[in-house]
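Report on one structure; see the data block that follows.
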Amino acid sequence: MKMIIAIIENNLSADTSTALMAEGFRITRLASTGGFLREGATTLMIGVDDDQLERALEIIRKTTPPSDDPERIQSTIYVINVKNFRRV
Amino acid sequence: MSASTKILVFNFWEIAAFLANSFVFLLIGLQIDLRILFENWPVILVAIIAVLAARAVGVYTFSNLGHGVPKQYKPVLFWGGLRGAISLALAISLPASIEMRSDIQSMAFGVVLFTLLVQGLTMQPLIRRMKLIQQSEKQQEYERRHARAVMSKAAYERLENMQASGFLSGHVWESISPILKDHTEKTAQAVRNILHEDPEVEFDEYKTAQREALMTQRSTLSGLVRDGIISEETFSKIAAEIDIALTESPVNWLESTHQNETTSISGLIAAVIQEQDLENVVENLSKLDIPIVRMSSAGEFLGRRNTTILIGVPENQEGNIIQALQKSSKMRVEILSDTEENQEITIGATLFSFDVERYEEL
């Protein structure tokens with residue numbers, strides 16, 4: 001089990017989460033702001049099975065294409081190893 | 001020896017020493033003619049210089065042996081060599097047949113007079129100059145406030161006792177007790193404030209507390225061996241431990257108490273909790289004394305508001321935490337009617353746990 005923490009530019013986050021949900025991923029959204037430019041950013045927490053990880057990352061990459069402005073980062077992705085996952 | 005015997009013996013010898021001292025000085029007063037002091041001033045001067053030089057050599061060379069003596073204590077050790085009754089008694093007890101007897105006696109007398117009057121009286125400025133007594137403004141303020149707090153508490157308790165035993169009428173007590181109580185609380189609060197403001201003052205109080213705690217342990221231990229509850233052997237073993245603790249710097253003690261407070265965090269749980277369950281979860285976790293951080297979040301599927309909490313997991317506590325979360329977030333099955341096919345979904349808490357490589361509290 002892995003957890004993806006994706007920090008995504010506000011305008012794009014809706015597309016990303018719709019696309020992910022269409023594939024059956026479960027997402028939790030956290031309202032957040034970037035520390036550097038203080039622009040609106042959305043943090044998505046996505047728990048995925050190991051074999052689903054690449055598929056999820058692919059969707060995020062596809063929905064957050066690099067912008068014309070090279071200074072502007074559309075998404076930041078962290079993948080963390082989950083020691084234990086459960087629903088209670 | 002019991003405590004009261006000890007005090008008695010101690011006082012006895014104190015007074016015996018005082019009497020002997022007074023007797024020696026009385027004898028000297030009767031024996032020595034002040035005029036010979038003035039007549040013999042060159043030998044006295046030589047004697048004073050010799051005594052000071054000898055002490056300087058002794059203090060400054062031997063104080064470097066072993067653990068060594070802190071630098072600012074050395075001048076105090078050197079200047080603190082006061083001479084008294086013993087030198088005088090030895091000089092007086094010289095047989096009359098010794099040729100230089102009167103010279104030796106006047107040297108001894110001169111040295112004693114010099115050490116007592118000059119060295120003795122300049123000791124305090126010296127100690128202050130070497131900054132050995134450092135009492136900051138804050139510490140003095142703390143002492144004042146502490147004294148006031150203890151005083152007003154004692155006053156309150158005394159009057160309370162008087163009222164209880166009928167020495168004070170209920171009417172008077174009722175009118176003054178709120179005032180006294182208020183005063184006691186205010187002074188206690190003032191002490192707390194200053195302890196909070198200045199860590200050094202707080203540290204001093206820790207030092208006192210540690211010393212008192214250890215001294216009490218030691219006297220209890222002496223009581224045990226006196227009453228034959230423990231053997232001599234056990235006594236000396238444990239007494240040695242206490243003595244080591246007494247000489248140990250209280251910093252270690254303080255740090256060790258602080259360390260026990262912060263348990264090491266070995267894991268992190270991110271739990272996504274439904275809003276209805278949040279209150280129960282927070283309550284159950286705070287019962288376990290577990291620190292949490294709340295973030296408001298939303299589930300993307302239902303678009304429903306929920307809360308993500310980050311939980312620092314102390315070692316061996318993971319099971320308890322998960323149990324608490326299980327208890328407080330009931331698994332529910334809800335039927336969604338607004339989707340195309342009536343979909344059954346389960347709502348509860350979702351937990352992700354991670355290993356924490358490092359944890360620091362700053």
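To find a chain, count down the sequence lines: A is the first, B the second, and so on, and within it residues start at 1.
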Quiz item: Hey, are B:Asp243 and B:Arg218 close enough for a salt bridge, meaning a charged N less than 4.0 Å from a carboxylate O?
Solution: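 Yes, this pair counts.
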
Quiz item: Tell me, side chain or backbone of B:Ala270 under 4.5 Å from chain A's heavy atoms, or both, or neither?
Solution: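 Interface part for B:Ala270: side chain.
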
Quiz item: Side chain, backbone, both or neither: which part of B:Thr350 has an atom under 4.5 Å from a heavy atom of chain A?
Solution: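 It is both, since atoms from each part get that close.
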
Practice problem: Output the option from A:Leu44, A:Thr18, A:Val82 having the highest count of non-hydrogen pairs under 4.5 Å with chain B. | Solution: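 Highest number of heavy-atom pairs under 4.5 Å: A:Val82.
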
Self-check item: Best-contacting candidate, A:Leu30, A:Asn81, A:Leu20, A:Thr42, against chain B by heavy atom pairs under 4.5 angstrom
Solution: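 Top option by heavy-atom pairs under 4.5 Å: A:Leu30.
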
Self-check item: Chi angles and distances behind the salt bridge (Lys or Arg N to Asp or Glu O under 4.0 Å) call for B:Glu141, B:Arg145
Solution: CA-CA 6 Å; B:Glu141 179 62 30; B:Arg145 289 187 190 185; 2.9 Å; yes

Quiz item: Between B:Arg305, B:Arg304, B:Arg294, which is the residue that forms a salt bridge (Lys or Arg N to Asp or Glu O under 4.0 Å) with B:Glu275?
Solution: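 Only one of B:Arg305, B:Arg304, B:Arg294 forms a salt bridge (Lys or Arg N to Asp or Glu O under 4.0 Å) with B:Glu275, namely B:Arg305.
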
Quiz item: How far apart are the C-alpha atoms of A:Lys83 and B:Glu318, what are their side-chain angles, what is the distance that settles it, and do they pass the salt bridge (Lys or Arg N to Asp or Glu O under 4.0 Å) test?
Solution: CA-CA 12 Å; A:Lys83 190 180 71 180; B:Glu318 190 169 351; 3.2 Å; yes

